[in-house]
Undergrad: 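One structure, as structure tokens, below. Some questions next.
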Amino acid sequence: MEIRPVPQLGVLVSGRGSNLAAIAAAIDDGRLRAAVAVVVSNHAEAPALQFARERGIPARLVAREDYSTAAEFDDAVVEALRAHSVKLVCLAGFMRRLGVRFCDAFPNAILNIHPSLLPAFPGLDAQRQALDHGVKVAGATVHFVVPALDAGPIVAQESVPVVDGDTVESLSARILAVEHRLFPAAIGRVLAGGWHIDGRRVIFGGDSGSVG
Ligand code: GRF
């Protein structure tokens with residue numbers, strides 16, 4: 001019987017780390033067949049780094065200020081991921097843009113979670129943008145990462161209602177609960193293979209496509 005290696009994830013973080021924790025929980029309870037090989041943060045103070053250390057997950061700080069150019073910073077992150085044989089990169093609240101070289105280093109193998117129904121409300125403060133616009137439906141999107149901000153092919157989306165009286169906090173919490181289910185599930189689907197990208201569309205159920 002063929003023994004398939006456990007896919008190694010690299011998780012990039014900048015802050016709180018609740019999506020990292022959700023990925024780790026999905027792995028622990030058998031919903032996601034993968035391992036978090038390394039967590040890379042660009043912020044020393046990120047609680048997500050602390051979470052990784054407490055869990056015994058290799059944790060690396062790669063701070064932009066330690067590199068003279070953005071390209072050198074990107075290369076350092078790639079190096080950290082390669083050192084842990086990462087197959088799929090997951091941006092879980094990673095608050096820096098990654099350049100072309102980074103994207104080229106992991107073709108169709110970088111996922112991001114964003115707290116809006118893209119292409120609506122890319123960039124910062126997506127939940128505030130949604131409230132300010134007055135939409136009645138918000139949500140979360142998992143997409144492949146391309147150099148353009150929040151613009152890559154969409155892997156999974158789920159909506160939540162916006163209700164009267166919502167604040168940024170209440171809407172963010174409703175979206176975050178969805179994120180914590182959606183991201184591990186999307187990672188599992190991408191790792192399972194059998195998909196391809198046709199233009200902007202990620203088509204599941206084909207026979208091509210897998211990462212690594
Ligand atoms: C999430 O809302 C995610 O969609 C966005 O940044 C936030 C990260 O939260 N990209 P956490 O650090 O995973 O708790």
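All ligand and atom numbering here is 1-based and tracks the order in the structure.
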Undergrad: Within the side chain of Arg82, is there an N or O that forms a donor-acceptor pair under 3.5 Å with the backbone of Ser85?
TA: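 Such a contact is absent between Arg82 side chain and Ser85 backbone.
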
Undergrad: Under a 3.5 Å distance rule, please check whether Asp74 uses its side chain to pair with a backbone N or O of Gly99 as donor and acceptor.
TA: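 At least one qualifying donor-acceptor pair exists.
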
Undergrad: Ring pair (Phe, Tyr, Trp, His ring centres under 6.0 Å) with Phe183: which residues, sequence neighbours excluded?
TA: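 If we apply the ring pair (Phe, Tyr, Trp, His ring centres under 6.0 Å) test to Phe183, skipping adjacent residues, there are no hits.
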
Undergrad: Relative to each other, are the rings of Phe73 and Phe94 parallel, tilted or perpendicular (30° and 60° limits)?
TA: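 Taking Phe94 first and then Phe73, their aromatic rings lie parallel (interplane angle under 30°).
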
Undergrad: Give the protein residues with at least one non-hydrogen atom closer than 4.0 Å to an atom of ligand 1, ordered by chain and number.
TA: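 Only Arg16, Gly17, Ser18, Asn19, Gly93, Ile113, His114, Pro115, Glu179 have heavy atoms that fall under 4.0 Å of ligand 1, ordered by chain and number.
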
Undergrad: Any chance you could measure His180, atom NE2, to Ile113, atom CD1, to the nearest 0.5 Å?
TA: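 It is 8.5 Å, given to the nearest 0.5 Å.
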
Undergrad: Okay, side chain of Ser172, backbone of Val168: is any donor-acceptor separation there less than 3.5 Å?
TA: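 Judged by distance alone, yes, a pair lies under 3.5 Å.
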
